Chemist: 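Structure below; questions to follow.
None of these values were measured; they are calculated from a predicted model.
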Amino acid sequence: MSSLNFSGDIDKFSGEMSEVDVQIVTSGGLRIPAHSAVLAAASTVLENILARPGKRRSSERTIRILGVPCDAVSVFIRFLYSSKCTEEQMKRHGIHLLALSHVYLVPQLKQRCTKGLAERLTIENAVDLLQLARLCDAPDLYLKSMKFLSSNFKKVEETEGWKFLQQHDPWLELEILQFMDEAELRKKRTRRHKLELSLYLQLSEAMDCLEHICTEGCTSVGPLDKEPSIKRQPCSKFDTCQGLQFLIRHFATCKRRTNGGCLRCKRMWQILRLHASICDQPNDCQVPLCRQFKLKVQQKGDDELWKSLVRKVVSARAMSSLSLPKRKREEEPKMDLNHHQVMNFRLAA
């Protein structure tokens, strides 16, 4: 049997400890001297092994760590003494160190290995690390390996590791395919949610512009008691405000509105109704038909679909307000709601 002299390292990390009283024996016959007190303090599994009564009466105790390369065992024992592992050691022995840290319950090393291996994911080793993460109960590495494999599946399925997996571990293959399906569904839900949120934010902005137009007036549309001014500074929400003004001008002059045959007029009716559902000052509000819509809701109520829309627009409005810097919120124009009897728009010639 060969022997490795750890005396220098042991003296460095153990100070004035007693002489070594344990020999770690590896698969290659390497014998690593160690202190039972250090091993027991670092690992409850090693502590239990050391506490077992020996079959032979001898002052020297041995612990066999087999099935792992000698160098990896050496690095493992060094870590128990120093709690340190270099990048080079992690690069060379990370897989075996993760297995050892799992078997002997060394959480600090396991965390270090999980992080180190996740940073070294490649097309070639993704399947192996996924299998190892599952065997060693390393959820962080498992999830990162799954995501990496899912993102690079076309290349991974050409590797020998994937072909071996298909032949020998169909359950893990099924897990991977299910994860990919769920990931795609999550992406679709996220895209749909973003589109919906964008719509609610646009409607929230339209509500702000409608109040702005009806209380202050803008470039071509305003309340009856105020002349629209083309000298006004550019509106902070110019695109939405301009589009709403075009819609209002059409709504005021459309001849098909009464017959319900105009889609743009229907859209304007919905905007006015949405405003009324949100407005909390109908008696002082200058937006046309606000109070009438409120009375109609009190008499007949709203359907659940409309109530849901109102809640989401209100939520988007609150989110939009909170996302503005404090100074910007203070600079936003204050709506003057002191006029009571404005029932129509004034349109610029």
Side-chain angles (χ1 to χ4, degrees), residues 1-121 125 128-145:
M1 293 184 180
S2 61
S3 175
L4 180 65
N5 183 8
F6 263 16
S7 58
D9 293 322
I10 291 175
D11 289 341
K12 179 180 178 181
F13 297 117
S14 61
E16 298 181 354
M17 290 180 61
S18 59
E19 295 183 359
V20 296
D21 55 354
V22 180
Q23 293 287 327
I24 307 297
V25 181
T26 69
S27 297
L30 179 68
R31 300 178 69 88
I32 304 174
H35 296 88
S36 59
V38 174
L39 302 184
S43 166
T44 55
V45 174
L46 291 174
E47 181 183 20
N48 292 334
I49 293 174
L50 290 167
R52 296 173 188 169
K55 295 182 179 179
R56 294 180 299 176
R57 293 183 179 179
S58 174
S59 59
E60 184 184 81
R61 288 177 289 180
T62 61
I63 297 177
R64 298 182 180 278
I65 300 181
L66 310 177
V68 180
C70 300
D71 290 345
V73 178
S74 299
V75 174
F76 176 66
I77 300 301
R78 288 174 188 269
F79 185 88
L80 299 184
Y81 275 86
S82 66
S83 297
K84 294 180 181 179
C85 180
T86 67
E87 289 296 322
E88 181 62 26
Q89 290 170 339
M90 182 59 59
K91 181 179 179 181
R92 294 179 59 188
H93 307 297
I95 291 176
H96 298 108
L97 290 175
L98 176 59
L100 289 169
S101 67
H102 174 68
V103 171
Y104 292 100
L105 297 181
V106 185
Q108 188 177 359
L109 178 58
K110 188 172 183 178
Q111 183 179 8
R112 176 76 174 83
C113 292
T114 298
K115 181 179 179 182
L117 290 173
E119 294 172 351
R120 292 172 173 80
L121 274 165
N125 70 14
D128 294 334
L129 291 183
L130 181 63
Q131 291 176 305
L132 179 66
R134 189 172 64 161
L135 290 171
C136 294
D137 190 24
D140 290 346
L141 180 59
Y142 179 87
L143 182 58
K144 289 182 179 179
S145 298

Chemist: Identify the heavy atoms of S27 and G67 that sit nearest to each other, and give their distance.
Modeler: OG-N, 2.7 Å
Chemist: Are I32 and I65 packed together at the side-chain level, in the sense that at least one heavy-atom pair is separated by less than 4.5 angstrom?
Modeler: no
Chemist: Only counting residues at least two apart or in another chain, list the ones meeting side-chain contact (heavy atoms from CB on, under 4.5 Å) with D128.
Modeler: Q131
Chemist: For a quick test of your reading: what N or O donor-acceptor pairs under 3.5 Å do the side chains of residues 132-144 make, sequence neighbours left out?
Modeler:
unit_1 : atom_1 : unit_2 : atom_2 : d
R134   : NH1    : E175   : OE2    : 3.1
R134   : NH2    : D169   : OD1    : 3.4
R134   : NH2    : D169   : OD2    : 2.5
Y142   : OH     : E175   : OE1    : 2.5

Chemist: Less than 4.5 Å apart, any side-chain heavy atom of F76 and any of V106?
Modeler: yes
Chemist: Taking C-beta and beyond as the side chain, do I63 and L39 meet within less than 4.5 Å on heavy atoms?
Modeler: yes
Chemist: Is the backbone N or O of H35 less than 3.5 Å from a side-chain atom of Y81, with the two atoms forming a donor-acceptor pair by type?
Modeler: yes
Chemist: Output every pair passing side chain to side chain donor-acceptor pair (under 3.5 Å) with a member in residues 90-100, not counting sequence neighbours, ordered by first then second residue.
Modeler: none
Chemist: Roughly how far, to the nearest 0.5 Å, is CG of N125 from CG of L117?
Modeler: 8.0 Å
Chemist: Going by the salt bridge (charged side-chain N to carboxylate O under 4.0 Å, His left out) test, which pairs reach into residues 100-120, not counting sequence neighbours?
Modeler: E87-R112, E87-R120
Chemist: How close do A72 and L97 get, heavy atom to heavy atom, and via which atoms?
Modeler: O-CD2, 3.7 Å
Chemist: What residues form a side-chain contact (heavy atoms from CB on, under 4.5 Å) with A40, not counting sequence neighbours?
Modeler: E47, L50
Chemist: Kindly write out the residues that satisfy side-chain contact (heavy atoms from CB on, under 4.5 Å) with Q108, not counting sequence neighbours, or none if the list is empty.
Modeler: F79, S83
Chemist: Flag the pair V75 / D71 as yes when at least one side-chain heavy-atom distance between them is below 4.5 Å, and no otherwise.
Modeler: no
Chemist: Measure the CZ-OG1 distance between R64 and T26 for me, rounded to the nearest 0.5 Å.
Modeler: 10.0 Å
Chemist: So, using side-chain contact (heavy atoms from CB on, under 4.5 Å) as the criterion, who are the partners of V45 when residues are at least two apart?
Modeler: S43, I49, Y104, L105
Chemist: Can you list everything that forms a side chain to side chain donor-acceptor pair (under 3.5 Å) with T114? Sequence neighbours excluded, please.
Modeler: none
Chemist: Return yes when atom CD1 of I95 has more than 12 non-hydrogen atoms of other residues, nucleotides or ligands closer than 6.0 Å, and no otherwise.
Modeler: no
Chemist: For the atom pair OG (S145) and CG (L129), what is the distance rounded to the nearest 0.5 Å?
Modeler: 5.0 Å
Chemist: If you round to the nearest 0.5 Å, how far is SG of C70 from CZ of R31?
Modeler: 12.5 Å
